Amino acid sequence: MPELPEVETVVRGLRTAVGGKALISVTELRARTVINPAKTDLTKPLGRIETVERRGKYILVTLSSGLHLVAHLRMTGKFILADPPQQLSSHTRAYLDFDDGTRLLFHDPRTFGQIKVYQPHQSDPAVQALGPEPLTNAFDGVYLHQALTRRQSPIKTVLLNQQVIAGIGNIYACEALYRAGIRPGKPANKLSAPQCANLVAAVQAVLTESLALGGTSISDYRNVDDKTGEFQHFLRVYGKQTCPQGHALNRIKQAGRSTYFCPVCQK
DNA sequence: CAATGATCCTGTCCGC
DNA sequence: TGCGGACAGGATCATT
């Protein structure tokens with residue numbers, strides 16, 4: 001599932017693949033894939049791609065016209081550069097055509113992914129509401145401790161709240177809690193200041209290590225080059241039977257999602 | 001404001 | 001071999 005390291009890897013790939021190119025049209029093959037709050041004509045040139053950036057798990061693209069795109073891969077979304085244009089698959093939900101004849105395909109079997117088109121003065125409400133980036137100075141132990149004070153839900157589910165921290169998903173939430181030695185079910189407001197500092201360090205370490213390896217490819221995730229990430233070989237608890245210490249792991253459901261944790265290493 | 005559960009959706013896997 | 005059901009899960013919305 002694309003989380004911060006995977007989305008960042010895709011963003012870097014997109015910069016190389018389509019940076020500077022003029023976008024001449026956006027074509028939707030399946031309804032509700034392309035959302036157009038800009039109410040602009042997507043069959044006409046939209047401008048040249050100036051920047052491709054990431055915020056949380058969102059992909060932000062700015063165009064020379066001032067229009068901007070906000071894309072989200074959700075679980076199974078994938079951007080693939082087709083050069084020359086390849087056959088569309090049954091999972092191709094939309095594509096972007098460029099002036100040099102290349103085409104960027106948006107594949108998404110489970111159809112949750114979206115590409116939104118905004119005018120310069122518009123902003124995406126979900127992006128606006130995002131919490132701090134975990135790999136910046138704004139995300140530190142003091143911030144986290146403060147952010148958790150009124151939250152009684154399990155720390156694991158709070159880590160998944162994009163308004164508290166942007167970019168963490170199920171896999172890295174499990175991995176960070178294991179590294180920090182904290183039980184996923186622990187009420188968030190019961191974490192001490194040192195535990196918050198440890199958790200911040202664990203989050204940053206696991207995200208940084210994964211990013212260096214191009215992210216985690218569990219099932220669908222691929223880079224723009226259709227390459228897999230390699231961090232799945234270094235997961236310590238997610239999808240595992242035992243932790244690196246050899247202890248049998250517990251698997252529970254929290255907010256409808258699987259949580260893996262070690263009852264010995266995590267307190 | 002916080003927390004919870006349903007919802008969206010389809011490919012894959014398991015048991016019978 | 002085929003089929004039903006569980007499962008995967010990020011974000012949004014309605015409800016409490």
Side-chain angles (χ1 to χ4, degrees), chain A residues 1-11 28-35 37 54-60 70-79 88-94 106-116 123-131 133-134 144-177 184-191 203 207 210 215-222 228-229 232 235 237-241 249 251-261:
Chain A
M1 317 305 133
E3 304 177 32
L4 188 152
E6 293 76 37
V7 178
E8 179 65 30
T9 302
V10 168
V11 161
E28 179 184 64
L29 299 177
R30 186 188 189 280
R32 293 184 295 282
T33 301
V34 178
I35 313 293
R54 179 193 58 75
R55 178 77 174 90
K57 301 173 200 168
Y58 292 84
I59 298 168
L60 313 178
V70 177
H72 201 301
L73 305 173
R74 288 299 206 281
M75 273 82 75
T76 55
K78 245 194 309 189
F79 279 111
L88 304 179
S89 86
S90 60
H91 292 148
T92 312
R93 306 306 182 193
F106 185 63
H107 285 244
D108 188 15
R110 280 161 66 183
T111 75
F112 286 178
Q114 287 186 329
I115 302 171
K116 297 184 183 178
S123 57
D124 186 84
V127 173
Q128 285 293 109
L130 289 173
E133 285 290 322
L144 186 62
H145 197 233
Q146 170 63 28
L148 301 183
T149 51
R150 281 188 203 78
R151 300 186 184 269
Q152 304 181 46
S153 25
I155 182 60
K156 157 81 181 326
T157 60
V158 176
L159 285 180
L160 297 178
N161 185 337
Q162 302 302 299
Q163 298 182 30
V164 176
I165 310 149
I168 297 177
N170 202 43
I171 295 173
Y172 297 112
C174 292
E175 292 294 316
L177 286 168
K186 191 177 177 80
N189 59 3
K190 293 284 200 297
L191 267 68
V203 164
L207 294 179
S210 179
T216 301
S217 292
I218 292 284
S219 54
D220 299 277
Y221 167 71
R222 294 290 186 282
T228 61
Q232 63 275 16
L235 296 174
V237 289
Y238 186 84
K240 306 284 183 192
Q241 305 280 341
L249 295 176
R251 180 182 178 177
I252 60 173
K253 281 274 180 192
Q254 291 182 295
R257 281 150 190 80
S258 288
T259 300
Y260 296 82
F261 73 97

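Letters go in sequence order (proteins before strands), and every chain restarts at 1. These figures come from a predicted structure and were not determined experimentally.
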d(CE, Met75(A); C1', dT12(B)) in whole Å: 14 Å
Take the angle between the ring planes of Phe79(A) and Phe106(A) and call it parallel below 30°, perpendicular above 60°, tilted in between. tilted
If you assign each of Phe112(A) and Pro125(A) to its closest nucleotide in DNA chain C, which residue comes earlier from the 5' end? Phe112(A)
Of the listed nucleotides (dT12(C), dG11(B), dA2(B)), which one gets closest to any side-chain atom of Tyr58(A)? dT12(C)
Side-chain N or O of His91(A) closer than 4.0 Å to phosphate OP1/OP2 of dT10(B): no
The helix from dA2(B)-dT16(C) to dC16(B)-dG2(C): angle between end helix axes, five pairs per end, rounded to 10 degrees: 50°
5'-most contact on DNA chain B (nearest-nucleotide basis), Ser153(A) vs Arg93(A), goes to Ser153(A)
Let me know, please, whether Val158(A) or Thr111(A) comes out on the 5' side of the other along DNA chain B by nearest nucleotide. Val158(A)
Presence of donor-acceptor pair under 3.5 Å, side chain of Arg257(A) and base of dG10(C): yes
Whole-Å gap separating C1' (dA11(C)) and CD (Gln114(A)): 9 Å
Within less than 4.0 Å of OP1 or OP2 of dC8(B), is there a side-chain N or O belonging to Arg32(A)? no
Counting only N and O atoms by type, is there a donor-acceptor contact under 3.5 Å from the side chain of Gln152(A) to the main-chain atoms of Pro187(A)? no
Kindly say whether Val34(A) contributes a backbone atom to a donor-acceptor pair with the side chain of Glu28(A) at under 3.5 angstrom? yes
According to a strict under-4.0 Å criterion, is Gln162(A) in side-chain N/O contact with OP1 or OP2 of dA11(C)? yes
Can you identify which nucleotide, out of dA3(B), dC7(C), dG10(C), has its nearest atom closest to the Gln152(A) side chain? dA3(B)
What nucleic acid atoms does Ala255(A) come within less than 4.0 Å of, heavy atoms only: base, sugar-phosphate, or nothing? nothing
Would you classify Thr157(A) as touching base, sugar-phosphate or nothing, given that sugar-phosphate means primed atoms plus P, OP1 and OP2, and contacts are heavy atoms under 4.0 Å? nothing
Which whole-number value in Å describes the distance from Asp108(A) CG to dC9(B) C1'? 9 Å
Okay, side chain of Arg93(A), backbone of Ala31(A): is any donor-acceptor separation there less than 3.5 Å? no
Grab the two heavy atoms, one from Val158(A) and one from Ala188(A), that are nearest each other, plus how far apart they are. CG2-CB, 3.8 Å
Judged by atom type as modelled, is there a donor-acceptor pair below 3.5 Å linking the side chain of Glu3(A) to the main-chain atoms of Lys57(A)? no
From Ile168(A) CD1 over to Leu4(A) CG, what is the distance, rounded to the nearest 0.5 angstrom? 8.0 Å
Which nucleotide sits closest to the side chain of Ala126(A): dG10(C), dT12(C), dT10(B)? dT12(C)
